[in-house]
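For ligands, and for the atoms within them, numbers begin at 1 and follow the listed sequence. Computed from heavy atoms alone, side chains included, the values below leave out hydrogens, waters and symmetry copies.
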Amino acid sequence: MRILGIETSCDETSAAVVEETGDPATPWAIRSNVVASQVVIHREWGGVVPELASRQHIRDICGVVDRALADAASTWRDLGAIAVTQGPGLVGSLLVGVSFAKAAAAASGLPLVAVHHLAGHIESLFLQHGPLPLPAMVLVVSGGHTSLYDVRSPGHYRAIGRTRDDAAGEAYDKVAKLVGLGYPGGPVIDRLAKGGNERAIAFPTARMTHPDRNQPLQKGQWDFSFSGLKTAVLRYVRAQSEGWQPSEQEVADICASFQRSVVGALVDKTFAAARWYGARSVGIAGGVSANSRLRADAAAAGARAGLPVFVPSIALSTDNAAMIAAAGLRRFHAGMRADLTLNADPALALES
Ligand code: KG4
Ligand code: ZN
């Protein structure tokens, strides 16, 4: 069966066709995955402007879906279902995808499946690698979320930790803005950090005390917090003389020192939680999982802990509809269907 996935939760309009292979080792094959990015539009404003995002989704959605079908050499008749991101995200943006998917389902008679955006990010791991050794400790780290999930069976996610303030990607974007690097901040900080000294500035590290198996877990043990780090970068910049223009090296040093803190906190907590919950593998998904330092440090921590570490390809790390199609297939087979009363939900919870 082939499924059409549609994703419009933030600033990417995406459509994809994913097909079941019948091979349990790699059950899903991506036939197409088209992403129209709005980055150039929002860059001018230093971040995503919701009203501009929804208007651009409206302009792009028909062309993106046509292209996804054409790339997959498919027509509507070749599809078995339509999956769409219901939430969380920007409500105006979500509504474009949800309305399009409902209209397409009504016109084609195809069943409609509603997908949680983070279930899509988690599914990107299974889409790329096939079944992961379970239980898996999965970190979803994006512009809007930083959450840890204990995954004991495919499609069932138990949230065990989340950020108390900024998401990690949001911290990257805010720090990049602060030092004049533009939007989105993640990729540019990732690149510039390679030329910087990560020990140049002692930003606070959210290092944790590792839980003792004989003691009860503390509440919020697996939560993250990045706003203190963001404020420390702000203070560092403000503490310089007035009109300070950092040199290229100074910017690289700020990027490297900031990144060391963020990645240290993410890797530390994810592996401590993996140990605590007896995970047999670790997964990292979401836009920030594209980060080269996070990938390298997680791989090294995995080798030390004897745990396999899975990340999606770069294209499947950031927002895309193939991951929504894959999550949609899983829900479809679990008997989940949405009807034409489906509405976008900007604060949708990820239920297990
Ligand atoms: O998953 P995603 O595409 O959208 C959301 O669901 O939020 O994640 C976007 C976030 C942005 O904050 C962006 O700066 C960050 O992912 N990002 C990165 C990298 N590439 C994208 N952060 C760090 N390093 C990267 N290479
Ligand atoms: Zn996302």
Side-chain angles (χ1 to χ4, degrees), residues 5-14 16 33 35-39 42-43 46-48 50 53 57 85-90 93-94 97 115-125 127 138-147 149 162-163 166-179 181-194 196 224 226 229-230 255-256 258-267 283-298 311-324 326-327 346-348 350:
I6 294 173
E7 154 65 37
T8 62
S9 68
C10 189
D11 61 343
E12 259 104 28
T13 317
S14 183
N33 192 14
V35 181
S37 172
Q38 303 178 359
V39 158
H42 301 293
R43 185 169 279 152
V48 178
H57 284 306
T85 307
Q86 183 190 6
L90 302 170
S93 294
L94 289 164
V115 172
H116 190 285
H117 182 74
L118 298 190
H121 276 302
I122 296 173
E123 217 61 85
S124 71
L125 296 164
L127 178 57
V138 176
L139 171 70
V140 179
V141 65
S142 70
H145 297 87
T146 302
S147 303
Y149 294 95
R162 64 197 57 75
T163 181
D166 293 350
E170 193 180 353
Y172 268 95
D173 295 338
K174 287 178 176 169
V175 164
K177 197 170 178 181
L178 207 68
V179 286
L181 294 176
Y183 176 85
V188 56
I189 290 184
D190 189 358
R191 183 165 47 79
L192 295 179
K194 293 190 169 93
F224 299 92
F226 294 104
L229 173 60
K230 174 197 65 190
C255 290
F258 161 77
Q259 180 158 280
R260 173 169 172 259
S261 253
V262 176
V263 170
L266 292 174
V267 171
I284 306 182
V288 182
S289 73
N291 186 266
S292 60
R293 180 66 194 268
L294 177 57
R295 285 172 176 244
D297 286 11
V311 289
S313 65
I314 302 286
L316 291 181
S317 292
T318 46
D319 287 350
N320 68 89
M323 67 185 195
I324 302 303
L348 187 66
L350 179 56

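- On a distance-only criterion, P184 and ligand 1 share no N/O pair closer than 3.5 Å.
- The contact set between ligand 1 and G169, taken as ligand atoms under 4.0 Å from a residue heavy atom, comprises 12 (O).
- Looking only at atom types and distance, the side chain of H57 has a donor-acceptor partner in the side chain of T13 under 3.5 Å away.
- Distances from ligand 1 to the non-hydrogen atoms of P187 include at least one value under 4.0 Å.
- Residue-ligand proximity, T318 to ligand 1, at heavy-atom distances under 4.0 Å covers atoms 3 (O).
- Among protein heavy atoms, the minimum distance from atom 9 (C) of ligand 1 is reached at G143 N, 3.7 Å.
- Protein heavy atom nearest atom 3 (O) of ligand 1, with residue, atom name and distance: D319 N, 3.0 Å.
- Among the atoms of Y172, none of the N or O lies under 3.5 angstrom from an N or O of ligand 1.
- Using a 4.0 Å cut-off between heavy atoms, V288 contacts ligand 1 through both its backbone and its side chain.
- Judged by distance alone, with hydrogens and angles left aside, the side-chain atoms of R162 form no donor-acceptor pair with the main-chain N or O of S147 at under 3.5 Å.
- Shown here are the protein N/O/S atoms lying under 2.8 Å from the Zn ion (ligand 2), water excluded: H117 NE2, H121 NE2, D319 OD1.
- Those atoms of ligand 1 that come under 4.0 Å of a heavy atom in G144, given as number and element, are 7 (O).
- Using modelled atom types, no side-chain atom of D173 and backbone atom of P184 make a donor-acceptor pair closer than 3.5 Å.
- In terms of N/O distances under 3.5 Å, ligand 1 is not approached by S292.
- Side chain of N320 to main chain of L316: a donor-acceptor pair is present (N/O by atom type, distance under 3.5 Å, no hydrogens or angles).
- The nearest heavy-atom contact from the protein to atom 22 (N) of ligand 1 is G186 CA, 3.2 Å.
- Residues meeting the ring pair (Phe, Tyr, Trp, His ring centres under 6.0 Å) test with H116, sequence neighbours left out: none.
- Where the criterion is an N or O separation shorter than 3.5 Å, residue side chain and backbone included, G286 fails it with respect to ligand 1.
- Counting heavy atoms under 4.0 Å from ligand 1, residue H121 touches it through the side chain alone.
- Taking any N or O of H117, backbone or side chain, at least one lies under 3.5 Å from an N or O belonging to ligand 1.
- Between the side chain of Q38 and the main chain of A53, a donor-acceptor pair closer than 3.5 Å is present.
- Checked by atom type and distance alone, the side chain of S142 never pairs as donor or acceptor with a backbone atom of G286 at under 3.5 Å.
- Ranking protein heavy atoms by distance to atom 24 (N) of ligand 1, first place goes to N291 ND2, 2.9 Å.
- In this structure, atom 21 (C) of ligand 1 lies nearest to the protein heavy atom G287 O, 3.4 Å.
- The single protein non-hydrogen atom nearest to atom 26 (N) of ligand 1 is D190 OD2, 2.9 Å, given as residue, atom name and distance.
- By the criterion of a heavy-atom distance under 4.0 Å, the side chain of D173, and not its backbone, is placed next to ligand 1.
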